[in-house]
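Computed over heavy atoms, backbone and side chain alike; hydrogens, waters and symmetry mates excluded.
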Amino acid sequence: DRKPIIINCYGEDFSKYALTRAISYWHRYNHKIEFYEMNPPKQVCEQTWIDDVIIIRKARPGQLNVNTLAQTERRTRLGSIIAVQIYFQPGSQNLDLIIEHELGHAFGYGHYDMKSHIMHSEYERMGPMFW
């Protein structure tokens, strides 16, 4: 029920424009955030999990499979998502709709393999459609 905060721990290469576009996309479907922070203090990014926060990070070399563009990890308590970390392969954060897709996972959606759906598991078949 609480609106999450989004924190950019990826770095300067993460586009504020792309993030706000992704936030606006999900806002249309009633998923709202409290606010986002593009330049958080270093101490915040050193933390692993923060309740009610979606942390965006750059994947370390070898952290994700070679063919994986991004990965969202959710921490839950009693069936509710309480904290999220999204890891992007360096450079993949600039791909169209990838931030929207990963925020979909942060909001609790899984893959839905229908062509042009935002939550399609294959990037090449993903599109802007949601239900």
With sequence neighbours excluded, what pairs up with [X] under the salt bridge (Lys or Arg N to Asp or Glu O under 4.0 Å) test?
| X | value |
| --- | --- |
| Glu122 | Arg125 |
| Arg21 | Glu100 |
| Asp113 | none |

- Item | disulfide (SG to SG under 2.5 Å) partners of residues 61-131, not counting sequence neighbours, each pair once |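 Sorted pair list comes back empty.
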Which pair of heavy atoms, one from [X] and one from [Y], lies closest together, and at what distance?
| X | Y | result |
| --- | --- | --- |
| Ile81 | Ala106 | CD1-O, 3.5 Å |
| Gln89 | Leu64 | NE2-CB, 3.5 Å |
| Val84 | Ile86 | CG1-CG1, 4.0 Å |

- Query: Is the OH atom of Tyr112 crowded by more than 12 outside heavy atoms at less than 6.0 Å?
  - Reply: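 It does not: Tyr112 OH has 12 such atoms or fewer within range.
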- Message: My understanding is that only residues two or more places apart in sequence, or in another chain, count here; which of them pass side chain to side chain donor-acceptor pair (under 3.5 Å) with His111?
- Response: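 So His111 forms a side chain to side chain donor-acceptor pair (under 3.5 Å) with His101, His105.
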- Task: Would you please name every residue forming a side chain to side chain donor-acceptor pair (under 3.5 Å) with Thr68, sequence neighbours left out?
- Result: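 Side chain to side chain donor-acceptor pair (under 3.5 Å) check on Thr68 returns nothing, list empty.
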- Go through the steps to decide whether Leu103 and Tyr25 satisfy the test side chain to side chain contact (heavy atoms under 4.5 Å, CB included), and finish with yes or no. CA-CA 10 Å; Leu103 280 182; Tyr25 177 91; over 6 Å; no
I'd like to know if [Y] and [X] are part of one continuous hydrophobic network [Ile/Leu/Val/Met/Phe/Trp/Tyr, side-chain heavy atoms within less than 4.5 Å].
| X | Y | result |
| --- | --- | --- |
| Ile99 | Ile5 | no |
| Trp131 | Tyr29 | yes |
| Phe107 | Ile55 | no |

- For His120, check ring-ring contact (aromatic ring centres under 6.0 Å, His included) against everything at least two apart and list the hits.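 His120 satisfies ring-ring contact (aromatic ring centres under 6.0 Å, His included) with no residue once adjacent residues are dropped.
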Side-chain contact test, heavy atoms from C-beta onward, threshold under 4.5 Å: evaluate it for [X] versus [Y] and give yes or no.
| X | Y | answer |
| --- | --- | --- |
| Met119 | Met126 | no |
| Trp26 | Phe130 | yes |
| Ile7 | Ile56 | no |

- Query: To the nearest 0.5 Å, what is the distance between CD1 (Ile54) and CD1 (Ile6)?
  - Reply: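 Spacing of CD1 (Ile54) from CD1 (Ile6) equals 4.5 Å.
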- Message: Between Asn67 and Tyr123, does the side chain to side chain contact (heavy atoms under 4.5 Å, CB included) criterion hold? Intermediate values first, please.
- Response: CA-CA 10 Å; Asn67 295 326; Tyr123 178 75; over 6 Å; no
- Qualifying residues under side chain to side chain contact (heavy atoms under 4.5 Å, CB included), relative to Asp13, sequence neighbours excluded: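 Once residues adjacent in sequence are excluded, the partners of Asp13 under the side chain to side chain contact (heavy atoms under 4.5 Å, CB included) criterion are Tyr10, Lys58, Gln93.
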- Item | Test side chain to side chain contact (heavy atoms under 4.5 Å, CB included) applied to Pro128 - qualifying residues, sequence neighbours left out |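 Expected list: Leu97.
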- Would you mind listing every side chain to side chain donor-acceptor pair (under 3.5 Å) that reaches into residues 69-80, with sequence neighbours excluded?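 Passing the test, one end in residues 69-80: Gln71-Glu73, Thr72-Glu102.
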- Message: side chain to side chain contact (heavy atoms under 4.5 Å, CB included), that's the test. Do Met129 and Lys115 meet it? Break it down for me.
- Response: CA-CA 9 Å; Met129 188 175 72; Lys115 190 173 192 248; over 6 Å; no
Which atom pairs, one a donor and one an acceptor, fall under 3.5 Å between side chains of residues 31-51 and the rest of the protein, sequence neighbours left out?
{"residue": "His31", "atom": "NE2", "partner": "Tyr109", "partner atom": "OH", "Å": "2.8"}
{"residue": "Lys32", "atom": "NZ", "partner": "Asn30", "partner atom": "OD1", "Å": "2.7"}
{"residue": "Glu37", "atom": "OE2", "partner": "Asn39", "partner atom": "N", "Å": "3.0"}

- Main-chain N/O of Leu69 paired with Ser92 side-chain donor or acceptor, under 3.5 Å: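 Checking the backbone N and O of Leu69 against the side chain of Ser92, a donor-acceptor pair under 3.5 Å is found.
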- Item | ring pair (Phe, Tyr, Trp, His ring centres under 6.0 Å): pairs with one or both residues in residues 70-96, sequence neighbours excluded |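 Sorted result for residues 70-96: Phe14-Phe88.
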